[in-house]
2 protein chains.
Amino acid sequence: MTEATRRERLRAETEREIRQAARTLLVTQGREAVTLRAIARELGITAPALYRYYASHEDLLRQLCDDICQDMSRELQTHLAGISSDQVREQVRAVCHGFRAWALAHPQEFSLVFASPIDALAPGDQFGSVFLEVAAQLIASHPAPEHDHDDVPSALHGDLAAFQDVLIRAVASHGCEVSAAELSLGAIYQIVQSWVRLYGHVALEVFGRFPFAVSNPEPMFDRMVDQMLSDIGFRD
Amino acid sequence: MTEATRRERLRAETEREIRQAARTLLVTQGREAVTLRAIARELGITAPALYRYYASHEDLLRQLCDDICQDMSRELQTHLAGISSDQVREQVRAVCHGFRAWALAHPQEFSLVFASPIDALAPGDQFGSVFLEVAAQLIASHPAPEHDHDDVPSALHGDLAAFQDVLIRAVASHGCEVSAAELSLGAIYQIVQSWVRLYGHVALEVFGRFPFAVSNPEPMFDRMVDQMLSDIGFRD
DNA sequence: ACGGTTCAGTGAACGGTGTTTACAAAGTTG
DNA sequence: CAACTTTGTAAACACCGTTCACTGAACCGT
């Protein structure tokens, strides 16, 4: 059956339970409550036992971040699956609204993932990548929004080209093939700019840092997404 | 001379020393190191003594945030003072670059102010207000960028009008008078959108959450600010 | 100048935290 | 069965925020 030995299965199981307990604590009582002793208490164990599974408290939190991002990713993909693939704008809207909804529904998780300056996670396969992959896929499948290739600062060409490579490979691993020509540097630049605005709005809303009390931020968000779509070149 | 009694002066002095010590700890050793005992140790005092000045650790952090925002505000105002007031775009650029430079130079402070979900500060007189006041001032003093008043979602009219009021009063308190007509709802909306983008870029850069390793983010930032200016309607 | 009051600061204590260490009890394997 | 690895424990360490009873000095009205 499984290649793993009995011991390895048990270990993996416990590891899952630990992170599940940590997750529950995070959601129900906030970041401060995610303590080794509390986690251990949850599964009827003593705190030092956790060191058999994680090198430190920080290490556990880091891995918890990975779990969270993976879950969010899956949720966004689910939202996306319900929309026919030729309705490009609706797909972008779904991802953006899904991201915002997730952030507002899981502020603790969002804060954890976005509040730690550098130390917590590997930058590669993270939350953003979901949005970005989707964006790349959509732009690639779109009738070529025609961006001025020279419109992006030449100092960025190197970075953008590298990112272009990553995106093309990521999209390919999802089954869809795109060429560098279809996903131009200009398009990549637009994607990154969209990410800046999407992230900016959501973070400001979650952190309550809008300059005034926005009684109903949703129409503002809708308007911004529409503007983004129009800036990218999607006017169907 | 001073209205304050000797006792009040000593108290204010100590209060300042406490926050100074807290600030130093934050900058040199990170948020986690800002502990009551460490602060007390810094000024040759025991931890419980701090409770004569602040109700709790959280309260101290909250007031520290205020200090930080005030400092940043002063720094931005300084940058601004060096530019003749008729060079509108240069003033906006100065504020944006100043904000980014401050955030990158003080990542710990930035994280503290931007990482705490709701509990840490009053939303009114905060960091953002500096940028927003400046923006309002500039837009008001500009030859009317002519925004479509109807371009903003009607659901936002209430909030925007309230914010318009705040901004007009804030600008007035800085000596400059503007009317509601000069600072239209469309303009306000543009200001808020600019704040979203500015904050989004800076936070992503400080938190290292750009989707790819940006070897040199400055040209990207410059490009974004230019785009913002053009979107607002400043093309001088 | 004195006596009461206010106030800054102390030291001890409580319950909590992450982490290390030595040790016991299982499970695994030859 | 014996040797070994893995998993968990208990005790301890140093640190944390916070409370409480207490001291000593500064202030203030008389």
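In this text the structure is predicted, and so the values were computed from the model without any measurement. Below, chains carry the letters A, B, ... as their sequence lines are ordered, and counting in each starts from 1.
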- Message: Tell me which residues in residues 19-44 of chain B lie within less than 4.0 Å of DNA chain D, going by non-hydrogen atoms.
- Response: B:Thr35, B:Leu36, B:Arg37, B:Arg41
- Item | Shortest non-hydrogen contact from B:Val214 toward A:Leu156 | CG1-CD2, 4.5 Å
- Residue pair A:Thr14/B:Ala47 against DNA chain D: nearer the 5' end by closest nucleotide is A:Thr14
- Query: What's the CD-C1' distance between A:Glu8 and C:dT28, to the nearest Å?
  - Reply: 12 Å
- Query: Between B:Gln20 and B:Thr24, do the side chains contain an N or O donor and an N or O acceptor separated by less than 3.5 Å?
  - Reply: yes
- Note on the structure: On DNA chain C, more 5' by nearest nucleotide between B:Tyr53 and A:Pro48 is B:Tyr53
- Ignoring hydrogens and angles, state whether a donor on the side chain of A:Gln63 or A:Arg19 is under 3.5 Å from an acceptor on the partner side chain. yes
- Message: Under 4.0 Å, counting only non-hydrogen atoms across every strand here, what does B:Ile45 touch: a base, just sugar-phosphate, or nothing?
- Response: sugar-phosphate
- Query: Of A:Thr46 and B:Tyr51, whose closest DNA chain D nucleotide lies nearer the 5' terminus?
  - Reply: A:Thr46
- A:Arg52 CZ - C:dA25 C1' separation (whole Å): 12 Å
- Task: Specify the separation, in whole Å, of atom CG of A:Leu50 and atom P of C:dG18.
- Result: 9 Å
- Take the protein atom CD of B:Glu17 and the nucleotide atom C1' of C:dA8, then report the distance between them rounded to whole Å. 14 Å
- Query: Under 3.5 Å, is there a donor-acceptor pair between the B:His97 and B:Asp222 side chains?
  - Reply: yes
- What is the minimum heavy-atom distance between A:Phe212 and B:Leu160, and which atoms define it? CZ-CD2, 4.0 Å
- Task: Using the heavy-atom set of chain B and a strict 4.0 Å cut-off, write down the first and last nucleotide of DNA chain D that makes it in, 5' to 3'.
- Result: D:dC16 to D:dC27
- For A:Met228 and A:Cys96 the tightest heavy-atom approach is CE-SG, 4.0 Å
- Return the orientation label for the B:Trp102 and B:His106 ring planes: parallel under 30°, perpendicular over 60°, tilted otherwise. parallel
- Query: After noting the C-alpha distance and the side-chain angles of B:Arg223 and B:Gln227, does the key distance pass the side-chain hydrogen bond (donor to acceptor under 3.5 Å, both in side chains) rule?
  - Reply: CA-CA 6 Å; B:Arg223 180 77 178 73; B:Gln227 188 66 52; 3.1 Å; yes
- Among side-chain atoms of A:Gln193 and A:Arg197, is any donor-acceptor pair under 3.5 angstrom? no
